[in-house]
Amino acid sequence: MSNIQERDQTYVAATYARFPVEIVSGKGSVAVDSNGKEYIDLGSGIGVTSFGFCDDEWVAAVTAQLGQVQHASNLYYTEPCGKLAEMLCGKTGMKKVFFSNSGAEANECAVKVARKYAADTYGAERNTIVTLENSFHGRTLTTLAATGQAKFHALFQPLTPGFVHVPANDIGAMKTMVESVKPAAVMIECVQGEGGVNPLEKTYVREVAALCREHGALLIVDEVQTGNGRTGKLYSYMNFDVTPDIVTTAKGLGGGLPIGATLLGEKVKNVLGAGDHGSTFGGNPVACAGAVSILSRIDEDLLAEVRRKSRLAFGMLSGAEGIESVTGMGLMIGVKTVKPAGEVLAACRERGVLCLSAKDKVRLLPPLNIPEEQLVRALEILRDVCAEGLPKDGLLD
Ligand SMILES: *Cc1c(COP(=O)(O)O)cnc(C)c1O
């Protein structure tokens with residue numbers, strides 16, 4: 001075993017079951033490992049490298065800012081943070097932004113805003129947040145409590161109280177819950193990512209939004225994975241014709257540097273005042289300069305390209321041998337394979353394609369600007385891997 005892997009296994013906390021690949025460099029949608037082997041990347045570092053590895057414009061924006069001022073603290077003004085906030089508000093209609101460094105932190109801020117808003121408006125006893133079963137909202141104790149998957153809860157009790165979960169796409173269950181607990185907010189992912197790339201039904205999302213309005217609960221949409229062009233719209237809620245009160249995002253916004261953003265709508269724009277919340281690194285000028293470069297290029301042309309490549313991918317994978325179903329939206333795609341997902345990932349890696357998994361599915365989150373010929377080549381390899389060695393009826397015994 002090489003030095004890199006041995007040292008990591010000795011000294012880095014064993015929280016990740018890493019694949020035996022050492023990524024040493026990358027350009028665009030191609031990663032290179034320590035043996036010089038190239039891979040077409042269908043994972044984007046889990047939806048982070050929106051424009052691929054070391055994208056020229058992003059590198060130029062980040063390095064220019066690095067040479068100017070890398071950090072100043074939130075005691076002072078720096079330009080990139082305000083510029084990014086203005087862009088986010090301009091493109092969404094939201095009113096203010098709180099910056100942090102990760103998806104979990106973006107959601108923590110959303111929960112704090114929702115609880116303070118509900119306490120200010122209705123009284124402190126109104127503090128419950130309703131989330132969906134099979135959701136994923138992060139790894140901190142509060143966002144774990146928000147995550148509707150018992151397997152994440154077991155080891156870390158007690159979690160933050162005040163979270164309840166209902167099954168997705170069951171408006172009756174949501175209505176009963178909202179009427180009985182009178183929540184401060186409902187938080188959803190419009191496409192559940194870690195839960196297996198499952199889009200919510202359009203009517204369900206609209207009904208949830210209406211229910212929130214009717215009962216004075218805030219609607220929080222977690223766009224950490226679905227955001228920043230991933231689903232073929234700038235934010236996934238824009239596919240559902242709803243207006244959230246709070247939008248959280250992270251992953252792909254930074255293009256590869258840590259950033260989290262909590263977008264606050266009209267109702268909640270002034271809920272947080274000086275001293276109510278904060279983050280040492282939040283709004284870091286280098287991270288924000290990178291995000292400005294990313295966000296400024298997620299325009300209508302790019303989104304149309306994402307939707308076109310999405311149709312291409314769905315077309316190539318749907319009904320192929322060894323593939324049971326294809327779900328998702330835009331370039332956020334879940335593939336249920338006859339073979340176990342882990343086996344498919346390993347065989348793809350062997351042949352130079354990097355994929356992700358989500359639950360029992362193969363998950364694809366390619367860079368938004370992946371060249372079409374690379375996407376096609378990678379999907380052909382995935383298709384071959386899924387079909388290979390299956391008996392003629394397509395079932396394993
Ligand atoms: C990844 C993810 C998070 C957590 O983001 P971190 O940056 O890892 O804290 C939260 N919500 C969703 C929907 C995610 O996909």
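Computed over heavy atoms, backbone and side chain alike; hydrogens, waters and symmetry mates excluded. All ligand and atom numbering here is 1-based and tracks the order in the structure.
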TODO: Measure from atom 6 (P) of ligand 1 to every heavy atom in Ala146, Gly103, Pro258 and give the option owning the shortest one.
DONE: Gly103
Open item on the list: Heavy atom to atom 1 (C) of ligand 1, shortest distance: which of Gln225, Lys251, Glu105 holds it?
Closed with: Lys251
Test item: [X] and [Y] side chains (from C-beta on) under 4.5 Å apart, heavy atoms:
X: Tyr117; Y: Asp245; value: no
X: Ile23; Y: Leu354; value: yes
X: Tyr235; Y: Leu88; value: yes

Task: Donor-acceptor contact present, side-chain Arg307 to main-chain Gly232, <3.5 Å - done: yes
Open item on the list: Considering both backbone and side-chain atoms of Phe136, is one of its nitrogen or oxygen atoms within less than 3.5 Å of a nitrogen or oxygen in ligand 1?
Closed with: yes
Can you list the atoms of ligand 1 that are under 4.0 Å from a heavy atom of [X]?
X: Ser102; result: 7 (O), 9 (O)
X: Glu189; result: 13 (C)
X: Ala104; result: 4 (C), 5 (O), 6 (P), 9 (O)
X: Asn107; result: 10 (C), 11 (N)

- [ ] Apply the side-chain hydrogen bond (donor to acceptor under 3.5 Å, both in side chains) test between His137 and each candidate in Asp222, Thr248, Thr147; give the one that qualifies.
- [x] Asp222
- [ ] Quick one: look up the protein heavy atom nearest atom 11 (N) of ligand 1 and list residue, atom name and how far away it is.
- [x] Asp222 OD2, 2.8 Å
- [ ] Rounded to the nearest 0.5 Å, what's the gap from OG on Ser29 to CD1 on Ile40? Could you check?
- [x] 8.5 Å
